[in-house]
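In what follows, a structure is listed as structure tokens, so that the remarks can point back to it.
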Amino acid sequence: MADVKATDGWEPKIVAIVCNWCTYAGADLAGISRIQYPPNVRLVRLPCTGRINPFYIMKALQEGADGVLVSGCHPGECHYLSGNYSARRKFSMLKRYLSYVGIEADRAMFTWCSASEGERFAKVIKGVTEKVRELGPAKKLVKTL
Amino acid sequence: MENVEKKLQEEAKKLLADKKVDVVIGYERGTLPLTATPVFITDAGDAEKLVYDATCVQNLAKYAHDIISAHREAQKKVKPEDRKNKVVGVVARGCTTRSLVIQLQERQYDRESIVILGVPCDGYIDPKKFNLALDGEQAAEGSVNGDQIAVKTLAGEKKFALKDVLADNCITCRFNNPVISDVVIGDKAPAKAADKEYEKVDAFEKLSTEERWAYFTKEMSKCIRCYACRNACPSCYCKVCFVEQTMPQFVGTSAEQTDTQIFQLLRTFHMVGRCVDCGSCVSVCPMGVDLRNFLKKLDKDALELFEHRAGASMEDVPPLSTYRENDKEDFIYNP
Ligand code: SF4
Ligand code: SF4
Ligand code: FES
């Protein structure tokens, strides 16, 4: 992944880990409604945000993602009732921790986006892409070998 | 602590003689001056080997867990009617009891499998600070008398205050008395400077992102990935640690710095709500990596966000296995 890291012509690479029931469906809605959003995002679909091991986020940063976004159902709307509540606890700890060790806070983002929020999905992706673009290519934690 | 040591020996002896426990895990004199090492006593006659003072460093909950789980594994090969229970006595000060609470909450064994010999604690000697205080000389003999340490080296005698060589975690310890015990030994130890426990973390938070990153990478670059920290930690007991796991492989094994940084991030993050600040990892680290600065941050955040202190009470629920509907969510991105 190191080869595309040259800053000229550089485009942020964002891994979005999303739950199947809300955000993935929201992304789908954005697609079928022809709402434009930056192509910088790579979606990874998981059953629920409760399924997301915080390791995945750190691993994605190591493997060359310039930013990681996690998105799932709004609180109270999780398909498995409480998956996103547990996830919220993990991620509130993780967000603080990553920034404590010196990784830019905006490299790991968390949000909620429901199946009916195609507009919001596009807005989130735009917003995150812009934030990561401002930060520039990720240099910390990134594996080069 | 002399009284405590005597009483401890008596209680251990009684427990073993009455067959209330199969083994007592405690500390015995180490081979080097002013050191103690874990000991496993199965014979009541050996109880006087037990020592207890500021030279006792390791968190013994680690061994309690190891012995009980090894026994359980071994029993699988025994006919059901011949299976035996094993009861383990543990000499436990505040941090050790907190680790036992965590292991119990995580259902690692039944409460009946352990007998907790609760001891008060005034803090232990940090071997690294001790060596610094010796200024490169070798201790040939040494003793702790109250709050003074007397050491004989080849060059002569040296005396210094115990408080100058206490481990950092002991100086600001909030739980220097057992949080649970079956046998209470000695009087309560006086409180430590617990109000200062997050001072270093607070100061570190004020540094700039780049300064924090520089410190993190500098510390982690010392790490040789011996995994002694993991092996010493009473909360690290997974049969297959993510470090050795290969499908998927979370931690690369190359010499590249990032692999070590990821290892440290993952291990420390595993400690959310589970690190009792016993300092065992710090004390076994051969490279002097400042792990505490990072572990303590997780401790602070768990307190701030979930009002949780690891292993403080049997009634608490581990913070990451529960939630509140109104948990803080100011970190959620809303474009
Ligand atoms: S991480 Fe270190 S200080 Fe925390 S419980 Fe484990 S050994 Fe003790
Ligand atoms: S004990 Fe120290 S050197 Fe060994 S793996 Fe842990 S931090 Fe690294
Ligand atoms: S199913 Fe969407 S967060 Fe649980």
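Note on naming: letters A, B, ... go to the chains in the order of the sequence lines (proteins, then strands), and numbering restarts at 1 for each one. Reckoned from all heavy atoms, side chains included, excluding hydrogens, waters and symmetry mates.
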Taking the side chain as C-beta and beyond, is there a heavy-atom pair between [X] and [Y] under 4.5 Å?
{"X": "B:Asn293", "Y": "A:Tyr100", "value": "yes"}
{"X": "A:Asp106", "Y": "B:Tyr333", "value": "no"}
{"X": "A:Val142", "Y": "B:Thr258", "value": "no"}
{"X": "A:Phe55", "Y": "B:His270", "value": "yes"}
{"X": "B:Phe250", "Y": "A:Met58", "value": "no"}
{"X": "A:Leu141", "Y": "B:Leu265", "value": "yes"}
{"X": "A:Ser92", "Y": "B:Lys328", "value": "no"}
{"X": "A:Arg120", "Y": "B:Asn334", "value": "yes"}

Item to check | Segment of B:Glu219 engaging chain A (4.5 angstrom heavy-atom cut-off) | outcome: neither
Checklist outcome for this item: Applying a strict 4.5 Å limit to non-hydrogen atoms, the region of B:Pro319 in contact with chain A is both
Checklist outcome for this item: Only one of A:Arg89, A:Arg96, A:Lys95 passes salt bridge (Lys or Arg N to Asp or Glu O under 4.0 Å) with B:Asp301, and that residue is A:Arg96
Checklist entry - Please walk me through it: do B:Phe331 and A:Phe110 pass ring pair (Phe, Tyr, Trp, His ring centres under 6.0 Å)? => result CA-CA 7 Å; B:Phe331 70 104; A:Phe110 303 90; 5.7 Å; yes
Next on the checklist: Counting only non-hydrogen atoms closer than 4.5 Å, can you tell me which residues of residues 200-216 of chain B sit against chain A?
Outcome noted: B:Val201, B:Phe204, B:Glu205, B:Thr209, B:Glu210, B:Arg212, B:Trp213, B:Phe216
Which atoms of [X] are under 4.5 Å from chain B, going by heavy atoms: the side chain, the backbone, both sets, or neither?
{"X": "A:Asn53", "value": "side chain"}
{"X": "A:Ser99", "value": "both"}
{"X": "A:Val128", "value": "both"}
{"X": "A:Leu69", "value": "neither"}
{"X": "A:Lys126", "value": "neither"}

Checklist entry - Would you say B:Glu256's side chain and A:Lys143's backbone share a donor-acceptor pair under 3.5 angstrom? => result no
Next on the checklist: I'd like to know which of B:Thr268, B:Leu266, B:Leu320 tops the heavy-atom pair count under 4.5 Å against chain A.
Outcome noted: B:Leu266
Checklist outcome for this item: Looking only at A:Leu61, A:Thr111, A:Leu98, the option with the highest number of non-hydrogen pairs under 4.5 Å against chain B is A:Thr111
Next on the checklist: So which residue, A:Lys59, A:Lys140, A:Met109, ends up with the most heavy-atom pairs under 4.5 Å with chain B?
Outcome noted: A:Lys140
Next on the checklist: Enumerate the ring-ring contact (aromatic ring centres under 6.0 Å, His included) contacts for residues 306-325 of chain B, please, sequence neighbours excluded, ordered by first and then second residue.
Outcome noted: A:Tyr85-B:Tyr323
Next on the checklist: I need the full list of ring-ring contact (aromatic ring centres under 6.0 Å, His included) pairs touching residues 120-145 of chain A, with sequence neighbours left out, sorted by first then second residue.
Outcome noted: A:Tyr37-A:Phe121
Checklist entry - Quick check: are there more than 12 heavy atoms from other residues, nucleotides or ligands sitting under 6.0 Å from CD of B:Glu73? => result yes
Item to check | Criterion side-chain contact (heavy atoms from CB on, under 4.5 Å) on B:Val272 and A:Tyr97, from CA distance to verdict | outcome: CA-CA 10 Å; B:Val272 175; A:Tyr97 193 51; over 6 Å; no
Checklist entry - What distance separates B:Asp259 CG from A:Gln62 CD, expressed to the nearest 0.5 Å? => result 5.0 Å
Item to check | With sequence neighbours excluded, residues passing side-chain hydrogen bond (donor to acceptor under 3.5 Å, both in side chains) with B:Lys129 | outcome: B:Asp168
